[in-house]
Protein chains: 2
Amino acid sequence: MGRPRSFDIDRALDRALLVFWRKGYEGASLSDLTKAVGVNRPSLYAAFGDKEALFRKALDRYLKGPAAYTQEALREPTARAVVDRLLLGAADLNTARRNPGGCLMVQGALACGEAADSIRQELTACRAAGEVAMRRRFDRAKSEGDLPANVNPADLARYIAAVLYGMAVQAAGGASRSKLQRVVEMALRTLPM
Amino acid sequence: MGRPRSFDIDRALDRALLVFWRKGYEGASLSDLTKAVGVNRPSLYAAFGDKEALFRKALDRYLKGPAAYTQEALREPTARAVVDRLLLGAADLNTARRNPGGCLMVQGALACGEAADSIRQELTACRAAGEVAMRRRFDRAKSEGDLPANVNPADLARYIAAVLYGMAVQAAGGASRSKLQRVVEMALRTLPM
DNA sequence: CAACATTTGTACCGATAGGTATGAAAGAGG
DNA sequence: CCTCTTTCATACCTATCGGTACAAATGTTG
C-alpha cells in the first residue's frame, strides 16, 4: 500500500545502465542519470540507494541481460565452439547499435579516483571471475580430450580474455563490427585446437 | 628574468603523469595533481595551462618516455621481431613496479563525461595512430617478403593492437608480468609468420 | 641599490558533485 | 470518506570541482 511508483524499475535500470555504459561510473553524474531515467533524484535514491548501489544493480542487469550470452557460450559442447561464440558474441555486443560502444566491465571504471575505487575493484573481480569460468571450462575440455595436452587452460583463458578486453577498447574508440570480427578471425585462425 | 621557477618542470610533468596514469583524466583532481607535484595550484596553471593542457603534456611525455619503446620496436628488421618486441615491451611497461598498472592511452579516458570528451578523443586518435604505424610496418614487411601473402597487414595490426589493449586492461586489474608474458606467448605462438 | 619581471602562497570564485529534509500528492484499507 | 503509507517534486545541504585575483617574495638587469 501507499502511493504507487510512477515508473518501471527495470526500465529505469536499463536507462541508468546505458548512461554508466557510455560515461563510466565517474563520468555519469546524478543529473545525467535522473535525466536519462526521467525520475527525480529522491525517487532514484529511494528505489536503488546511492550511486554506488545503483551502479551495482545496473551491472547486475548488464550481466543478466546484454552480457548473458557469455553463460550460454560456456555451455557450448567444444572448447573451440566456446571460444568462437564468446568472441563473436563480444564483437556483436560491443558494437550493437542500440548500445554504447564497448563493454561495461572494461570501461565502467578502469582507472579512477578514490571515490570510485570500490566500483573499480568490483569490475576487476567481475573480469577475474569471467577468466576463472573460462579456465574451468577449458579444464573440462581438456579432460574430455577436447584440448591438446600442451595447452594450459589458465593461459588460454587469460589470452581469450585479453582479446575480449582489447576488442572492448577498440569498440569504445568506435571500431566497427566488421573490424572486430576480423580481430576475432585473427585470434581464432591459429588457435591450438 | 623575473623570479625563477622553484621546481623542475619535467619532474613536475613526471609526477603529474603518474597521477593521470593511476587515476585517469577524470579521476585525477587538481588537488591530487598539486599534491603529487608539490606545487601550488597557480604555479601549475602558469607552467602548463589548464587541466586539459597538463594532461596533453603528460601524454606527450608518456609517449616520448615510458612508451618510446614502441618506436624502437617498429624499427626491428622483421615483422616477427616487431611484434615480439611490441608485446613483450608492453608486458614490461604495463607491470613496471615504479608505474601504475596498465597503459595511459587505454585507461586515461576510455569512457567519461562530456568535460573529458576531448581527452577521450585524443587518446582514441593516439591508439588509432599506433595501429596505423603498425599497419605501415606490416605493409613494408609484406613488400619485403617478410609476411605471408594471405596476411592482411591492417588486420594483423588491429589484432596486435587488441592484444596490447587487452594486456593493459589486465594490468590495470593487477595482473602480474609473468601472466602478461604468458598472454604474449599465446598470441605469438601461432602467429602467421 | 633600485626598477622590473616573474613566481609564489593564500584566499577566494561560481558551478557542480552526491545526497537529503520536507510537505504535497496519490492511492489502498477500514 | 478518512486514515495511513508510500512516492513525488521542490528546494536545499555540504564538499569538492576546476580555475583565478592579488599581493608578497625572489630573483635578474641596468
Side-chain angles (χ1 to χ4, degrees), chain A residues 1-13 15-17 19-20 22-59 108-109 111-122, chain B residues 1-13 15-17 19-20 22-59 108-109 111-122:
Chain A
M1 66 161 84
R3 178 171 176 174
R5 180 174 285 126
S6 69
F7 61 95
D8 182 87
I9 209 158
D10 284 331
R11 293 279 176 214
L13 214 44
R15 302 285 184 184
L17 167 56
V19 176
F20 282 129
R22 181 171 311 117
K23 301 191 171 187
Y25 177 74
E26 266 182 340
S29 72
L30 263 294
S31 298
D32 291 333
L33 292 163
T34 55
K35 187 176 170 186
V37 172
V39 156
N40 291 315
R41 207 172 290 216
S43 298
L44 250 188
Y45 274 82
F48 302 106
D50 65 7
K51 189 186 178 185
E52 195 173 316
L54 174 58
F55 182 89
R56 287 180 205 276
K57 283 170 180 152
L59 172 60
C112 56
E114 288 88 0
D117 205 65
S118 87
I119 296 297
R120 187 186 61 80
Q121 288 178 30
E122 165 118 12
Chain B
M1 65 161 88
R3 179 171 176 174
R5 180 172 284 125
S6 70
F7 60 96
D8 182 89
I9 209 156
D10 285 330
R11 293 279 178 216
L13 214 43
R15 302 284 185 186
L17 167 56
V19 175
F20 282 129
R22 181 173 311 115
K23 302 192 171 186
Y25 178 75
E26 264 181 343
S29 73
L30 262 294
S31 298
D32 292 331
L33 292 163
T34 55
K35 188 176 169 187
V37 173
V39 157
N40 290 316
R41 207 171 290 216
S43 298
L44 249 188
Y45 275 83
F48 303 106
D50 64 9
K51 189 185 179 187
E52 196 174 313
L54 174 58
F55 181 89
R56 287 180 205 275
K57 282 169 180 153
L59 172 60
C112 57
E114 287 88 0
D117 204 65
S118 87
I119 295 298
R120 188 187 60 80
Q121 287 178 30
E122 165 119 12

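A quick note: this is a predicted structure, and the numbers were derived from the prediction, not measured. By convention in this document, chain letters (A, B, ...) are assigned in the order of the sequence lines, proteins followed by strands, and residues within each chain are numbered from 1.
- Heavy-atom distances under 4.0 Å link DNA chain D to Asn40(A), Pro42(A), Ser43(A) of residues 38-56 of chain A, given in residue order.
- Judged by distance alone, the side chain of Lys51(A) and the main-chain N or O of Tyr25(A) form a donor-acceptor pair under 3.5 Å.
- Side-chain nitrogen and oxygen atoms of Ser6(B) include none within less than 4.0 Å of the OP1 or OP2 phosphate oxygen of dT7(C).
- Rounded to a whole Å, the CD atom of Glu114(B) is 16 Å from the P atom of dG18(D).
- In this structure, CE of Met1(B) is placed 6 Å from C1' of dT28(D), rounded to the nearest angstrom.
- The CD1-C1' distance, from Ile9(A) to dT6(D), rounds to 13 Å in whole Å.
- For the pair Leu30(A) CG and dT20(C) C1', the interatomic distance rounds to 12 Å; values are reported in whole Å.
- Counting non-hydrogen atoms under 4.0 angstrom, Ala28(A) reaches the backbone sugars and phosphates but no base.
- For Ile119(A) and dG18(C), the CD1 to P distance is 13 Å, given to the nearest whole Å.
- Ala111(A) and Gly24(B) make their closest contact through CB-N, 3.9 Å (heavy atoms, listed as atom of the first residue, atom of the second, distance).
- Heavy-atom contacts from other residues, nucleotides or ligands closer than 6.0 Å to CZ of Arg15(B) number 12 or fewer.
- Of all nucleotides listed (dC8(D), dC17(D), dT8(C)), dC8(D) comes nearest to the side chain of Phe7(A).
- The NZ-C1' distance, from Lys35(A) to dA17(C), rounds to 17 Å in whole Å.
- Interatomic distance, Ser31(B) OG to Arg41(B) CZ, rounded to the nearest 0.5 Å: 4.0 Å.
- For the pair Ala109(B) and Arg120(B), the tightest heavy-atom approach, listed with the atom from each and the gap, is O-CG, 3.1 Å.
- As rounded to whole Å, 15 Å separates atom C1' of dT16(C) from atom CD of Glu26(A).
- Note that the OG atom of Ser118(A) and the CZ atom of Arg56(A) stand 4.5 Å from one another [nearest 0.5 Å].
- Remark: Arg5(B) is positioned above the aromatic ring of Phe7(B), its terminal NZ or CZ atom under 6.0 angstrom from the ring centre and at most 45 degrees off the axis.
- Judged by distance alone, with hydrogens and angles left aside, Arg3(B) brings a side-chain donor or acceptor within reach of the base of dA25(D), the pair sitting under 3.5 Å.
- The nucleotide whose nearest atom lies closest to any side-chain atom of Pro4(A) is, among dT29(D), dA26(C), dG18(D), dA26(C).
- Residue Ser31(B) places at least one side-chain N or O closer than 4.0 Å to OP1 or OP2 of dC17(D).
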